[in-house]
Number of protein chains: 2
Amino acid sequence: MFAGQSGWIGKLLDGATAELVAGADAQDDCAVFRASGPMEIVVGSDYVRGPKFQLYESGHLSNFDIGYYLATANLSDIAAMGALPIALLTVVRYPRSLSDADFAAVMAGIDAACRAVGTVNVGGDIGTAERIILSGSAVGIVEPGGALLRTGARPGDRLCVTGPTGLAASAQRYFGAAGPGAGALAAEREDELIASWRRPRALVPQGRALSASGVVTSCQDTSDGLKAGVQSLAAASGVGFVVDEEALPVAGLVAEVAALTGGDVTATVLGDSVDFQLVFTVPPDGFARLPEDLAFHEIGHATEERAVVLRRRDGTVEDLPGVPWRHEV
Amino acid sequence: MFAGQSGWIGKLLDGATAELVAGADAQDDCAVFRASGPMEIVVGSDYVRGPKFQLYESGHLSNFDIGYYLATANLSDIAAMGALPIALLTVVRYPRSLSDADFAAVMAGIDAACRAVGTVNVGGDIGTAERIILSGSAVGIVEPGGALLRTGARPGDRLCVTGPTGLAASAQRYFGAAGPGAGALAAEREDELIASWRRPRALVPQGRALSASGVVTSCQDTSDGLKAGVQSLAAASGVGFVVDEEALPVAGLVAEVAALTGGDVTATVLGDSVDFQLVFTVPPDGFARLPEDLAFHEIGHATEERAVVLRRRDGTVEDLPGVPWRHEV
């Protein structure tokens, strides 16, 4: 499944390249890239087993889906740095009860998610374990000075998000044990809802565009939820944020599931939903430098005062509702 | 525990550098390195839970020890490429029953193993799970063309190993359930035996020296055992090997444990022992280019015929004994 990947080339805007000279097909101790030209190298790891996979255990996600998810979760960290992913490494451990076909499906899902953002799975570690274990690492490259850190937001900067959040949490609520059960929504709406888990997207083009603009002062993905993302930018940058409830993008499905389950829409949008959007800050005079075709929503602004608050539609101000994602079982 | 790591600089022989500009202390989506100068980037992953940790479960390895082991297992892959490790990423998932102090000990072990080879743990993923899960990835850099692949061995090349193998397997046999039990060896010999698991070394200086020599035609570590390593070099290079039993370095402890347990010394030295030595090939006229202070043993030679065989002390030739490491539970 790894045949022919050596020779893959990642190319930065200034012509710097990373060429894969020994990929997974080489079966060496490591994969090898030949880097030429100045660049920044970014690396991150994400383990994705645990509570996130209740939907797998309940049969809503296939083996292909969890492979796809593992890859995206890791590649999203690269996107959030504004970098071009050059490598995914995956650890796939599985019980003997998993058939060869099921294992191949996990690997095919990983491969498909890599292809979706133009990168390659260069290897990792495969073997058995008492139960399925999925972990990964991703490597990216970015132009010198181009990495999007969390530290640069300044008071007055505008807070933006690339798209609506809350879909992943809504899917968990809808399909979960306490949910309304299949059929409460039309089949095609159910498919759309579960797609947030089946085919999550690592927003690599968006991250690259944000980096290339030169005006983005901080950025991260919303893999721990939008609230956690905003709080993290605040803490790292030493600022606060006012989030405007009215400005938050809300997907129709989030509202529908909230209505079905008695949930709160704003808390769902801000809470522990693993949506892989990018949340970022731009100075007011920087918007002109963002590409016209980049979709995003301005949802608030950074403040000198270091509190992170929500301004409700009625003008009242309160702490951000919603709980951030807990890395717990 | 991650304070102050940003600013760390890895420097290659030709002056190319990778400077850590956002480490684990930055708590960003990824760690960021600023690379300058041409280089090769190597990346690999290693999961180390499973049968390797019977010694942990039986109390022979501490939490510090398994952290140290996790780091070394990953850094050894970088050493085997001839590269300078610039980053370790670790996934540490643990049950709620693990105390904060025990968790801190795992992280301290990881940190100590990184320091032992002059590199840094730049982050990864930490959280709970039903049981302890340890996985890692490592990143290294090496001069252009300097990566030590498995593919370059040619008939006539000499086969070498940096040191004795079989110690890790002997420790498993000695301390295992079917072993002779504590006290069969003197306490200090027992300490020496378990040290192969407690303080394994990633042979970074040796790997760097082999790469810098320019004469090493193939290399890998013996983390799956010496037999598996030789077979892998053979398969990747399209050659065979004759291994001389008489030339195999044998540690005294391996012979002592074999005597105590009725084991076969040569099978232990070649078999599924996770020792992290480097096995490599050099053309006969290349030895003069290896540094004088590099310790290694010449144990055989590459052949045109693609079989991998052992030449016994009595001159008879047979298949290599010993079983390679199985990535199985």
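No experiment lies behind these values; they were computed from the predicted model shown.
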* Structure fact -> Turns out that what part of B:Ala35 lies under 4.5 Å from chain A's heavy atoms comes down to both
* Asked: Picking from B:Cys30, B:Ser45, B:Ser232, which has the most non-hydrogen pairs under 4.5 angstrom with chain A?
  -> B:Cys30
* Side chain from CB out, backbone as N, CA, C, O: work out which of these in B:Val91 comes under 4.5 Å of a heavy atom of chain A, or both, or neither. => side chain
* **Toward chain B, the part of A:Val43 with a non-hydrogen atom under 4.5 Å** => both
* Asked: Between A:Phe53 and A:Tyr69, does the ring centre distance come in under 6.0 Å?
  -> yes
* Structure fact -> Most contact-rich option vs chain A, by heavy-atom pairs under 4.5 angstrom, among B:Val139, B:Thr151, B:Val142, B:Asp221, is B:Asp221
* Asked: Is any NZ, NE, NH1 or NH2 atom of the basic residue among A:Glu130 and A:Arg93 found under 4.0 Å from an Asp or Glu carboxylate oxygen of the other?
  -> no
* To do: With a 4.5 angstrom heavy-atom cut-off, could you sort out which part of A:Pro144 is near chain B: side chain, backbone, both or neither?
  => neither
* Asked: Just checking, is any N or O donor in the side chain of A:Gln206 or A:Thr162 under 3.5 Å from an acceptor N or O on the other one?
  -> no
* To do: Identify whether the distance between the nearest side-chain nitrogen and carboxylate oxygen of A:Asp272 and A:Lys227 falls below 4.0 Å.
  => no
* Asked: With no hydrogens and no angle check, do the side chains of B:Thr165 and B:Ser273 hold a donor and an acceptor under 3.5 Å apart?
  -> no
* To do: Go through the atoms of B:Ala31 and report whether side chain, backbone, both or neither lie under 4.5 Å from a heavy atom of chain A.
  => both
* A:Ile78 versus chain B, heavy atoms under 4.5 Å apart: side chain, backbone, both or neither? -> both
